[in-house]
Amino acid sequence: MEKKVIIDCDPGIDDSLALMLALRSPEIRVAGITVVAGNSPVEMGVGNARKVLSFMHRLDVPVIAGESRPLAREYVNALDTHGADGLGESFLPEIPGDPAPGLHGVTAVDFLEENLLHGGCSLIALGPMTNLARLAEKNPAALAAAEEIVSMGGNFRSYGNCSPVAEYNYWEDPDAARLVYHTMGSLGRKIRMVGLDVTRKIVLTPTLLEYMNRLNPEVGGFVRKITRFYFDFHWIQERLIGCVINDPLAVAAFLDPALLSGFDAFTDVEVQGISMGQTVVDAMKFWRKPANSTVYTEADVPAFWKMFLSRLTGVPEEEIDFPERRF
Ligand SMILES: [Ca+2]
């Protein structure tokens, strides 16, 4: 049966790849895209989501602008990583038209509340958790009514990607992440945490990109256009040839939970000081609190790539030849 989902995101290069994967997956129906300030300022994020939808011929999916700044901190964008336009300096043309016809006056929080409360709807959160936190403030039961919440964010054993210990989404709005984890825990629910421990394993290499281009030049060309800047960033920052694409793994985990494995634990988020944004995962149960998260530590990387390449290019999985050398 088709699973209904809202994707909350901050596109963002890897968000865009995640949206592409979701829109090419027949098992799910994307009911809407809510945008939050994160990688890109919120209005830019709405425009970028529309650019991706236009490429995918899916402008029927509503895009709703959400929170433009974190709960308490000053907003810091990540355009140094994602390019001046938030889409790798591809400078694709803006898509004219109404991003959310028929939804005038409906905020992202209203949209989330309505859908989560009344309809077996899940949430894939690919940006800072500010929209989710505003929902937690307004109507915690609506947040907890989500069928599933899969969050790209946090880290357990792996180091941070915007401070020594913190992952970007939770660092950008640590107060929001903390509120969402606490709210879910207090209502007996768990967040599926797809953090850097697993997303770091997902590196789009030049070989994989070229392979994608051979399989489907139109899609490969689009992905190349939006990732070139990201490749440069990873080389300068980490001397890595390729780019880590975090967000599509959260969509893949939603589609096929068997791709990832980990453990259940109580997770808290530090909101200040040098560890701000760090996820503190109580793996050894010091605090004796009920688990509010499933923390993933292992990923089936070849299976992810098979799914991703097949769905984006339209080539059946069994025809995706995937020897180790493709890494
Ligand atoms: Ca993102």
Side-chain angles (χ1 to χ4, degrees), residues 5-23 30 32-53 63-70 75-88 90 108 112 123-133 149-155 158 160-163 166-174 176-177 180 191-200 202-204 223 226-227 229-230 233-234 243-254 269 277 279 296 304 308:
V5 68
I6 296 171
I7 301 184
D8 187 78
C9 59
D10 58 338
I13 297 165
D14 57 331
D15 300 79
S16 301
L17 299 174
L19 290 173
M20 292 169 77
L21 175 60
L23 294 167
V30 181
I33 297 170
T34 52
V35 178
V36 64
N39 294 157
S40 314
V42 69
E43 292 303 335
M44 186 187 284
V46 169
N48 287 342
R50 297 263 300 161
K51 291 176 185 179
V52 175
L53 289 174
V63 183
I64 301 121
E67 298 297 310
S68 59
R69 48 160 298 170
Y75 171 54
V76 183
N77 69 46
L79 297 182
D80 58 335
T81 313
H82 292 262
D85 63 349
L87 261 190
S90 53
L112 287 165
L123 184 54
I124 302 177
L126 305 176
M129 284 185 155
T130 322
N131 289 339
L132 281 64
I149 296 183
V150 182
S151 163
M152 190 280 127
N155 48 314
S158 196
N161 66 354
C162 67
S163 90
E167 177 281 327
Y168 172 77
N169 284 340
Y170 294 2
W171 172 89
E172 177 72 51
D173 195 346
V180 170
I191 294 166
R192 296 175 59 197
M193 185 180 117
V194 181
L196 296 176
D197 298 75
V198 281
T199 64
R200 271 216 165 86
I202 308 299
V203 180
L204 178 65
V223 173
I226 67 172
T227 55
F229 186 92
Y230 220 24
F233 174 83
H234 280 80
C243 55
V244 176
I245 54 166
N246 303 286
D247 291 341
L249 188 61
V251 173
F254 180 71
V269 182
T279 37
Y296 293 112
F304 166 80
F308 184 79

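Just so you know, ligand 1 is whichever comes first in the structure, and atom 1 is the first atom listed for that ligand. Quick caveat: nothing in here was measured; it's all calculated off a predicted structure.
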Notebook entry, point to check: Using the ring of each side chain (for Trp, its six-membered ring), is Tyr230 parallel, tilted or perpendicular to His234, with breaks at 30° and 60°?
Noted result: perpendicular
Notebook entry, point to check: Any sub-3.5 Å donor-acceptor pair from His82's side-chain atoms to Gly12's backbone N or O?
Noted result: no
Check: Given atoms OD1 of Asp15 and OD1 of Asp10, what angle do they subtend at the Ca ion (ligand 1), to the nearest 10 degrees?
Finding: 80°
Margin query: Can you tell me if, anywhere in Pro11, an N/O/S atom lies at a distance from the Ca ion (ligand 1) that is smaller than 3.0 Å?
Written below: no
Note to self: Looking at Asp85, is its backbone amide N or carbonyl O close enough to the side chain of Asn48 to form a donor-acceptor pair, meaning the two atoms are under 3.5 Å apart?
What the structure shows: yes
Margin query: Among the N/O/S atoms of Asp247, which is closest to the Ca ion (ligand 1)? Give the atom name.
Written below: OD2
Item checked: Heavy-atom check, side chain of Asn39 versus side chain of Asp14, under 4.5 Å -> yes
